[in-house]
Amino acid sequence: MPAKSPVIVDLRFHPDQVREGLKRAFPGREVINRADPANEGHDLTGIDYAVLWKPLDDLFSRATDLKVLFSGGAGVDHVLTLPGLPDLPLVRFVDHTLTTRMSEWIVMQCLMHLRQHLTYDRQQREKKWLPLTQPEAADLNVGITGMGVLGSDAARKLKVMGFNVLGWSKSKKEIDGVETFAADGLDEFLGKTDILVGLLPLTAETRNLYDAALFSKLRKTGALGAPVFINAGRGGSQVEADLIAALNDGTLKGASLDVFQTEPLPAASPFWAMEHVIMTPHAAADSDTYALFAHVERQIERFESGEPLEHVVARNAGY
Ligand code: NDP
Ligand code: OXD
């Protein structure tokens with residue numbers, strides 16, 4: 001039986017997490033972890049597979065025999081723009097651990113705005129005892145842009161919490177109890193939305209989508225008094241100058257942002273000091289390394305037994 005092809009692991013994650021995840025991964029295969037200095041001069045020719053996230057610059061010039069690429073994350077915008085990217089199947093990361101984390105973050109942010117937690121937080125610091133009016137989840141429409149793996153799971157979990165949920169995607173989806181819209185239904189969708197959730201991939205079509213014109217189309221008569229914007233897709237989809245202006249002039253009541261045009265967010269960004277903005281450092285849904293390597297193993301097994309790979313990126317669509 002021929003020896004199994006090694007796997008190149010070229011992930012700019014926390015090195016301890018990668019090492020930990022690799023402890024029980026890829027039995028019977030050599031693993032070349034490029035975060036390990038001992039592997040610096042390792043011959044990368046003759047290797048079929050690479051798992052990558054912000055890989056070292058020389059990956060593709062040295063690993064010239066790759067057959068399948070595996071993204072370390074669900075989004076692939078920065079993989080598709082890598083210089084020298086070979087024309088090979090690119091499998092993105094899809095796993096319930098990532099999906100669950102993202103839905104936790106989205107539900108938490110919707111609840112924080114529903115329950116006006118930013119105001120209570122400020123009042124606590126000011127030692128102010130002042131109960132606020134209390135709309136219910138059922139009084140609000142949460143509109144999710146991007147009804148793929150993450151958006152559709154978040155939709156189901158928001159429904160369980162009692163929110164009315166709307167979904168917008170390129171092609172119209174059928175999800176029980178969720179009013180859905182296709183690409184051409186954007187304005188109608190926005191006009192019904194009180195909390196707008198971004199779970200879109202970054203592509204030529206979604207770059208700069210969330211701009212002043214879009215924010216102005218959101219429903220203004222909802223129970224929170226003004227709409228709220230939540231984004232965990234990609235920062236490149238939001239026009240940050242427009243977002244800041246919309247937050248300052250009251251077009252938007254608040255925002256929760258996990259992603260930014262430039263990451264890490266520069267110290268000079270106005271977002272840091274905005275009281276009605278909740279920020280997390282691109283941490284809504286981390287890739288669990290055990291789950292990532294188990295997913296790669298499953299896909300390699302399929303590939304080697306002649307079954308089609310799953311979660312392959314459509315290069316022309318960009319996601
Ligand atoms: P999917 O590919 O499963 O879903 C993408 C969704 O976006 C689909 O419903 C798709 O429509 C829709 N879409 C794409 N382009 C357009 C468009 N031009 N107009 C309308 N709808 C569009 O991706 P996932 O749900 O797995 O992930 C979504 C994104 O979340 C990732 O690409 C990544 O950027 C981000 N992400 C962020 C993380 C974080 O920690 N902040 C973690 C993981 C992912 P259709 O169904 O018709 O194809
Ligand atoms: C991803 C991410 O795309 O973490 O998985 O952003």
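One-based numbering, in listed order, for ligands and for the atoms of each.
On a distance-only criterion, Gly73 and ligand 2 share no N/O pair closer than 3.5 Å. Not a single N or O atom of Asp77, backbone or side chain, sits closer than 3.5 Å to an N or O atom of ligand 1. Residue Val259 has no N or O atom closer than 3.5 Å to an N or O atom of ligand 1. When only interatomic distances are considered, the shortest N/O to N/O separation between Arg92 and ligand 1 falls below 3.5 Å. Between Lys173 and ligand 1, an N or O atom pair is found at a separation short of 3.5 Å. Note: an N/O pair closer than 3.5 Å links Asp258 and ligand 1 by distance alone. Taking only nitrogen or oxygen atoms, main chain and side chain alike, Leu98 does not reach within less than 3.5 Å of ligand 2. Geometrically, ligand 1 and Ala183 share no nitrogen or oxygen pair separated by less than 3.5 Å.
Using cut-offs of 30° and 60° on the angle between ring planes, the pair Phe215 and Phe229 is perpendicular.
Gln299 has its side chain out of reach of Val296: every pair of non-hydrogen atoms, C-beta onward, lies at least 4.5 Å apart. Side-chain contact check for Gln109 versus Glu104: every heavy-atom pair is 4.5 Å or farther apart. Looking only at side-chain heavy atoms (C-beta outward), Leu44 and Ile8 come within less than 4.5 Å of each other. Put simply, the side chain of Met147 reaches to within 4.5 Å of the side chain of Val178, judged on heavy atoms.
The protein heavy-atom contact nearest to atom 31 (C) of ligand 1 is Gly75 CA, 3.8 Å. The protein heavy-atom contact nearest to atom 22 (C) of ligand 1 is Leu200 CD2, 3.5 Å. The nearest heavy-atom contact from the protein to atom 48 (O) of ligand 1 is Tyr319 OH, 2.5 Å. Atom 28 (C) of ligand 1 has as its closest protein heavy atom Leu199 O, 3.5 Å. Looking only at protein heavy atoms, the nearest one to atom 5 (O) of ligand 2 is Ala74 N, 2.7 Å. Atom 40 (O) of ligand 1 has its closest protein heavy atom at Ala285 N, 3.1 Å.
Taking a 4.0 Å cut-off on heavy atoms, His282 registers as neighbouring ligand 2. Using a 4.0 Å cutoff on heavy atoms, Trp53 counts as a contact of ligand 2. For the pair Gly233 and ligand 1, a heavy-atom separation below 4.0 Å is found. In this structure, Ala232 counts as a contact residue of ligand 1, since one of its heavy atoms falls inside 4.0 Å of the ligand. Look at Lys172 and you'll find every heavy atom at least 4.0 Å from all atoms of ligand 1. Residue Thr203 places every heavy atom at 4.0 Å or more from ligand 1. The closest approach between any non-hydrogen atom of Trp168 and ligand 1 is below 4.0 Å.
Against a heavy-atom cut-off of under 4.0 Å, Arg234 is close to the following atoms of ligand 2: 1 (C), 2 (C), 3 (O), 6 (O).
Ranked by closest heavy atom to atom 30 (O) of ligand 1, the top entry among Leu150, Thr280, Asp153, Ile144 is Leu150. Taking each of His311, Met102, Glu205 in turn, the one with a heavy atom nearest to atom 39 (C) of ligand 1 proves to be Met102. Of the options Arg234, Lys170, Arg101, Met147, the smallest heavy-atom separation from atom 36 (N) of ligand 1 is shown by Arg234. The residue from Gly148, Ser169, Pro201 that puts a heavy atom closest to atom 7 (O) of ligand 1 is Pro201.
Nearest heavy atoms, Tyr319 versus Val76: CA-CG2, 4.2 Å. When all heavy atoms of Gly75 and Trp53 are compared, the closest pair comes out as O-CZ3, 3.6 Å.
A side-chain donor from one of Asp258 and Thr280 sits under 3.5 Å from a side-chain acceptor of the other. Between the side chains of Glu20 and His14, no donor-acceptor pair is found at a separation under 3.5 Å. Between the side chains of Trp168 and Thr180, no donor-acceptor pair is found at a separation under 3.5 Å. Defined by atom type and a distance below 3.5 Å, a donor-acceptor pair is present between the side-chain atoms of Asp153 and Ser103.
Within 6.0 Å of the CZ atom in Arg12, the count of heavy atoms belonging to other residues, nucleotides or ligands exceeds 12. Atom CD of Glu136 has 12 or fewer heavy atoms from other residues, nucleotides or ligands within 6.0 Å. Applying the 6.0 Å contact sphere to CD of Glu126 captures more than 12 heavy atoms from other residues, nucleotides or ligands.
For the pair Arg24 and Tyr290, the cation-pi criterion (under 6.0 Å, within 45° of the ring axis) is fulfilled.
Heavy atoms of Val94 found under 4.0 angstrom from ligand 1: none, in either backbone or side chain.
Under the side chain to side chain donor-acceptor pair (under 3.5 Å) rule, Thr97 has a single partner from Asp95, Thr100, Thr99, which is Asp95.
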